[in-house]
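Heavy-atom basis, side chains included; hydrogens, waters and symmetry copies ignored. Here is the naming used below: chain letters follow the sequence lines, and residue numbers restart at 1 for every chain.
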There are 2 protein chains.
Amino acid sequence: MPLKVRKNQSPEPPQPCMLTHCMAVISGAWAANVIWSLRAGPRRFNELRTDIPPISAKVLSTRLTELEERGVLSRNVQPTSPPSVEYALTELGGELVPALEAIVKVGHRLKMRDEG
Amino acid sequence: MPLKVRKNQSPEPPQPCMLTHCMAVISGAWAANVIWSLRAGPRRFNELRTDIPPISAKVLSTRLTELEERGVLSRNVQPTSPPSVEYALTELGGELVPALEAIVKVGHRLKMRDEG
DNA sequence: TTATCGAGTTACCTGAAGGAAACCTGGTCA
DNA sequence: TGACCAGGTTTCCTTCAGGTAACTCGATAA
């Protein structure tokens with residue numbers, strides 16, 4: 001007798017495609033790092049580059065554009081010369097920080113387990 | 001006068017590479033979906049395939065192997081015939097669920113904002 | 001007038017990850 | 001004896017995200 005495919009016994013499951021869609025908010029190389037870097041306050045383009053040394057200008061630029069479009073961060077041009085640009089988390093973007101913190105916590109403990 | 005690169009004024013910053021390392025725990029196509037699917041209890045290979053229709057057997061297999069290696073889930077062979085295999089979140093893996101939930105929550109609100 | 005700066009673009013190239021489809025294995029039941 | 005099952009592997013092919021490096025732009029300061 002073939003095994004029956006069980007219904008997943010969850011109360012009211014947000015669809016997996018919902019998850020996919022939401023995870024896309026932090027997708028792309030270094031996206032999480034950018035959010036992480038902004039968690040303590042606004043940063044300028046070149047500051048982010050030094051925060052995340054391996055990121056290239058191209059990818060940082062792409063990622064910042066995307067994250068702004070997604071509503072995670074805001075871009076603020078300062079009228080200095082040369083103009084400097086500050087990036088900051090939006091309110092909603094800020095709510096991603098605890099989630100990232102949770103992942104870091106688990107990741108850290110997994111590492112402990114592997115090494116300890 | 002060139003702008004000074006500000007120190008990021010965070011209390012005790014876990015390094016960005018720490019974040020990178022931890023994010024890697026849920027990296028790879030559909031990894032988050034697999035964890036998400038397991039949050040309500042153990043699932044078999046083919047159940048996961050129907051939970052996540054677009055995933056291919058190859059990628060699911062790869063992902064399950066990786067996630068097991070990372071300590072996120074456990075693999076349990078049932079001595080039925082043909083043998084069936086149950087995957088379940090480990091305790092640490094389970095702790096990723098609230099993080100994913102947080103991301104879903106924000107993603108959902110961002111979507112509301114876009115559409116509403 | 002030339003260099004510097006911040007903040008990006010542009011062009012080009014590459015490799016690793018992922019998709020599709022076929023195949024495998026050992027047991028069972030019809 | 002042949003088909004079916006679960007749970008994968010293997011092969012092959014493609015693509016596109018990301019890396020490198022050079023370039024842009026307008027203003028200023030040396």
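If you measure from atom NZ of B/Lys4 to atom C1' of C/dG6, you get 17 Å, rounded to the nearest angstrom. In this structure, CG of A/Leu67 is placed 13 Å from P of C/dG8, rounded to the nearest angstrom. In this structure, A/Ile52 atom CD1 and D/dG19 atom P are separated by 11 Å, rounded to whole Å. Note: CG (A/Leu64) to P (D/dG18) measures 13 Å, nearest angstrom. Atom CD of B/Gln78 and atom P of D/dG7 are 10 Å apart (whole Å). Rounded to an integer number of Å, the gap from A/Arg49 CZ to C/dA7 P is 11 Å. Taking atom CZ of residue B/Arg43 and atom C1' of nucleotide D/dG7, one finds them 16 Å apart after rounding to whole Å. When rounded to the nearest whole Å, the span between CZ of B/Arg6 and P of C/dG6 equals 13 Å.
Closest contact between the side chain of B/Ser84 and the listed nucleotides C/dT9, D/dG8, D/dA6 involves D/dA6. Comparing C/dG6, D/dA6, D/dG8 by their nearest atom to the side chain of B/Val85 picks out D/dG8.
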Under 3.5 Å, which donor-acceptor pairs link side chains of residues 58-66 of chain A to any protein atom two or more places apart or in another chain?
from, atom 1, to, atom 2, distance (Å)
A/Thr62, OG1, A/Lys58, O, 2.8
A/Arg63, NE, A/Glu66, OE1, 3.1
A/Arg63, NH1, A/Ala29, O, 3.1
A/Arg63, NH2, A/Glu66, OE1, 3.3
A/Arg63, NH2, A/Glu66, OE2, 3.1
A/Thr65, OG1, A/Ser61, O, 2.8
A/Glu66, OE1, A/Arg70, NH2, 3.2

Pairs under 3.5 angstrom only: tabulate donor-acceptor contacts from the side chains of residues 88-105 of chain B to other protein residues two or more places apart or in another chain.
from, atom 1, to, atom 2, distance (Å)
B/Thr90, OG1, B/Gly71, O, 2.7
B/Thr90, OG1, B/Val72, O, 3.0
B/Thr90, OG1, B/Gly93, N, 3.0
B/Glu95, OE1, A/Arg109, NH2, 2.6
B/Glu95, OE2, A/Arg109, NH2, 2.6

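Applying the side-chain contact (heavy atoms from CB on, under 4.5 Å) test to A/Pro82 and every residue at least two apart in sequence or in another chain returns nothing. Legend: residues meeting salt bridge (charged side-chain N to carboxylate O under 4.0 Å, His left out) with B/Glu68, ordered by chain and number and at least two apart, are absent. The side chain to side chain donor-acceptor pair (under 3.5 Å) search around B/Arg75 returns B/Tyr87, not counting sequence neighbours.
A single hydrophobic cluster is not seen to contain both B/Met23 and A/Met112; linkage of ILVMFWY side chains at heavy-atom distances under 4.5 Å, directly or through other members, places them apart.
A salt bridge is absent between A/Glu47 and B/Lys4: the closest approach of a Lys/Arg side-chain nitrogen to an acidic carboxylate oxygen does not fall below 4.0 angstrom.
Toward the 5' end of DNA chain D, the nearer of the two residues B/Phe45 and A/Glu66, judged by each one's closest nucleotide, is B/Phe45. Residues B/Leu3 and A/Thr65 each lie close to DNA chain C; by heavy-atom proximity, the contact nearer the 5' end of the strand is made by B/Leu3.
Side-chain N/O atoms of A/Arg44 include none lying less than 4.0 angstrom from OP1 or OP2 on C/dC5. A sub-4.0 Å separation between OP1 or OP2 of C/dA17 and a side-chain N or O of B/Arg63 is absent. For the OP1/OP2 pair of D/dG8 and a distance below 4.0 Å, the side-chain nitrogens and oxygens of B/Tyr87 include at least one atom meeting the criterion.
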Nucleotides 19-30 of chain C: protein proximity per nucleotide (B base, S sugar-phosphate only, - neither; heavy atom, under 4.0 Å): BB-----BSS--

